[in-house]
Amino acid sequence: MFLSGQKKEQIGYYKEMIKTIGSLSRLFSESNEPYIQYRIAENLFCKSFEAKNLSRTDCSADASKGTLGIGIKTFLDKNGATMQKVAEFNSEHRLFNHLSPEQKILKVSELRNKRIETTKRIFGLDNMVYHCVTRKEGAVLVYETPMDLVHIEKIHKIEDRGNSINFSDGKNEYSFNITKSTLYKRFYTRNLAFNLPVKILDDPFEALEKMLSEVRASVK
């Protein structure tokens, strides 16, 4: 995976910045789970590891370094096995809207695979992974998992639930929301790279005021 090959200093900086950003969660939320906005997660990752930021491009990766593409996800850990959005197909709606549930899943899976392969071809990537930043009360968990293609030949357990269709390819579990034309994948919190304790400040404005005072003093 990605993190195992990065410099110790870069990893140290990344961990400290995650904890610092998480400590300011009261600026945005009253929850006891740290809040890390997804754009901040993307920008921090790229700054920490000198990665190319692809988040503004219409592709399956948010960043790349060398020949590795990285999809950066941040979400609440909850039970450690949550469904998270991995692709939207609004513009391709006409290609599968009229199909049966089974054929719809096959078409969506083909489109998903095509997007990943296109991203790899355009940016010269050999492999793709997800870098997951998940949050629970008092901590931020970071782990990585492969960004697999859907194994179309092994799709099974297709379950039509009206507004969504659940299915598996033997390796990953997916759910396709018909109304939103959105594909979800289940992410399991496993093989943690690190578990970072985060102390959420009761008054983050006080910390910002102190920092501002120090900056003003340094320029006098």
Side-chain angles (χ1 to χ4, degrees), residues 1-2 33 37-39 41-42 53-64 67-136 141 143-191:
M1 295 292 180
F2 176 80
E33 291 94 357
Q37 201 265 353
Y38 74 97
R39 289 293 185 199
E42 293 164 355
N53 196 326
L54 305 179
S55 61
R56 300 292 182 176
T57 63
D58 185 19
C59 71
S60 297
D62 298 302
S64 68
T67 59
L68 181 68
I70 304 106
I72 301 167
K73 311 273 314 165
T74 178
F75 50 89
L76 291 175
D77 190 66
K78 294 184 179 178
N79 62 354
T82 65
M83 284 284 188
Q84 298 296 324
K85 179 175 71 175
V86 293
E88 292 183 2
F89 300 100
N90 291 316
S91 61
E92 294 98 336
H93 186 262
R94 70 187 189 284
L95 299 177
F96 53 76
N97 186 48
H98 60 289
L99 300 177
S100 68
E102 291 77 12
Q103 291 300 314
K104 191 177 269 115
I105 289 306
L106 291 177
K107 175 54 70 174
V108 167
S109 297
E110 290 173 4
L111 293 170
R112 165 64 171 166
N113 289 352
K114 182 178 179 181
R115 283 194 185 179
I116 293 177
E117 295 291 8
T118 299
T119 296
K120 291 166 69 175
R121 176 175 51 80
I122 291 174
F123 296 100
L125 307 174
D126 294 332
N127 202 4
M128 305 270 282
V129 300
Y130 282 112
H131 177 89
C132 301
V133 180
T134 71
R135 295 117 53 205
K136 66 179 184 179
L141 315 176
Y143 67 96
E144 294 175 333
T145 188
M147 187 185 296
D148 298 313
L149 297 174
V150 180
H151 197 157
I152 294 175
E153 294 76 13
K154 292 192 175 181
I155 287 178
H156 64 294
K157 294 183 179 179
I158 298 176
E159 180 185 2
D160 184 1
R161 305 186 69 179
N163 290 329
S164 64
I165 306 171
N166 295 347
F167 66 101
S168 171
D169 68 352
K171 193 169 187 179
N172 294 293
E173 300 167 47
Y174 297 93
S175 180
F176 181 64
N177 186 296
I178 298 171
T179 305
K180 298 179 180 179
S181 297
T182 300
L183 181 66
Y184 295 80
K185 173 188 175 297
R186 190 176 300 283
F187 285 83
Y188 289 95
T189 306
R190 295 170 177 165
N191 303 317

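Numbers for residues simply follow the sequence, beginning at 1.
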Between C59 and I122, does the side chain to side chain contact (heavy atoms under 4.5 Å, CB included) criterion hold? Intermediate values first, please. CA-CA 9 Å; C59 71; I122 291 174; over 6 Å; no
Under 3.5 Å, which donor-acceptor pairs do the side chains of residues 148-158 form with other protein atoms, sequence neighbours left out?
| unit_1 | atom_1 | unit_2 | atom_2 | d |
| --- | --- | --- | --- | --- |
| D148 | OD2 | N172 | ND2 | 3.0 |
| H156 | ND1 | K154 | O | 3.0 |
| H156 | ND1 | S168 | O | 3.4 |

[atom1]-[atom2] distance between [X] and [Y], expressed to the nearest 0.5 angstrom:
X    : Y    : atom1 : atom2 : result
L106 : L111 : CG    : CG    : 11.0 Å
K120 : L68  : NZ    : CG    : 10.5 Å
F176 : T182 : CZ    : OG1   : 7.0 Å
K136 : E33  : NZ    : CD    : 11.0 Å
K114 : T119 : NZ    : OG1   : 12.0 Å
S55  : Y38  : OG    : OH    : 8.5 Å

Going by the rule side-chain hydrogen bond (donor to acceptor under 3.5 Å, both in side chains), which residues pair with Y130 if we only count those two or more places apart in sequence or in a different chain?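 Scan of Y130 (side-chain hydrogen bond (donor to acceptor under 3.5 Å, both in side chains), adjacent residues dropped) gives R112.
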Which residues share a side-chain hydrogen bond (donor to acceptor under 3.5 Å, both in side chains) with N127, sequence neighbours left out: none
For T118 and R121, what are the C-alpha separation, side-chain angles and deciding distance, and is it a side chain to side chain contact (heavy atoms under 4.5 Å, CB included)? CA-CA 5 Å; T118 299; R121 176 175 51 80; 3.5 Å; yes
Any side-chain heavy atom of E159 within less than 4.5 Å of one from P101? no
M1 side chain near H131 side chain, heavy-atom distance below 4.5 Å: no
Quick one: does any side-chain atom of S164 pair with a main-chain N or O of R161 as donor and acceptor, under 3.5 Å? no
Please check: side-chain N/O of E88 versus main-chain N/O of N90, any donor-acceptor pairing under 3.5 Å? no
Salt bridge (Lys or Arg N to Asp or Glu O under 4.0 Å), that's the test. Do E42 and R39 meet it? Break it down for me. CA-CA 5 Å; E42 293 164 355; R39 289 293 185 199; 3.0 Å; yes
Any side-chain hydrogen bond (donor to acceptor under 3.5 Å, both in side chains) involving residues 99-111? Give me the pairs, sequence neighbours left out, ordered by first then second residue.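 Qualifying pairs, neighbours excluded: K107-E110.
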Indicate the atoms forming the closest heavy-atom contact of [X] with [Y], along with that distance.
X    : Y    : value
L95  : H98  : O-CE1, 3.7 Å
Y188 : Y143 : O-CE1, 3.2 Å
M147 : S60  : CE-O, 3.4 Å

Under 3.5 Å donor-acceptor pairs involving side-chain atoms of residues 70-81, not counting sequence neighbours:
| unit_1 | atom_1 | unit_2 | atom_2 | d |
| --- | --- | --- | --- | --- |
| K73 | NZ | K85 | O | 2.4 |
| T74 | OG1 | V133 | O | 3.1 |
| T74 | OG1 | R135 | NH1 | 3.3 |
| D77 | OD1 | T134 | OG1 | 3.4 |
| D77 | OD1 | T189 | OG1 | 2.4 |
| N79 | OD1 | A81 | N | 3.0 |

By ring-ring contact (aromatic ring centres under 6.0 Å, His included) - contacts of F167 (at least two apart):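 Only Y174 meet the ring-ring contact (aromatic ring centres under 6.0 Å, His included) criterion with F167.
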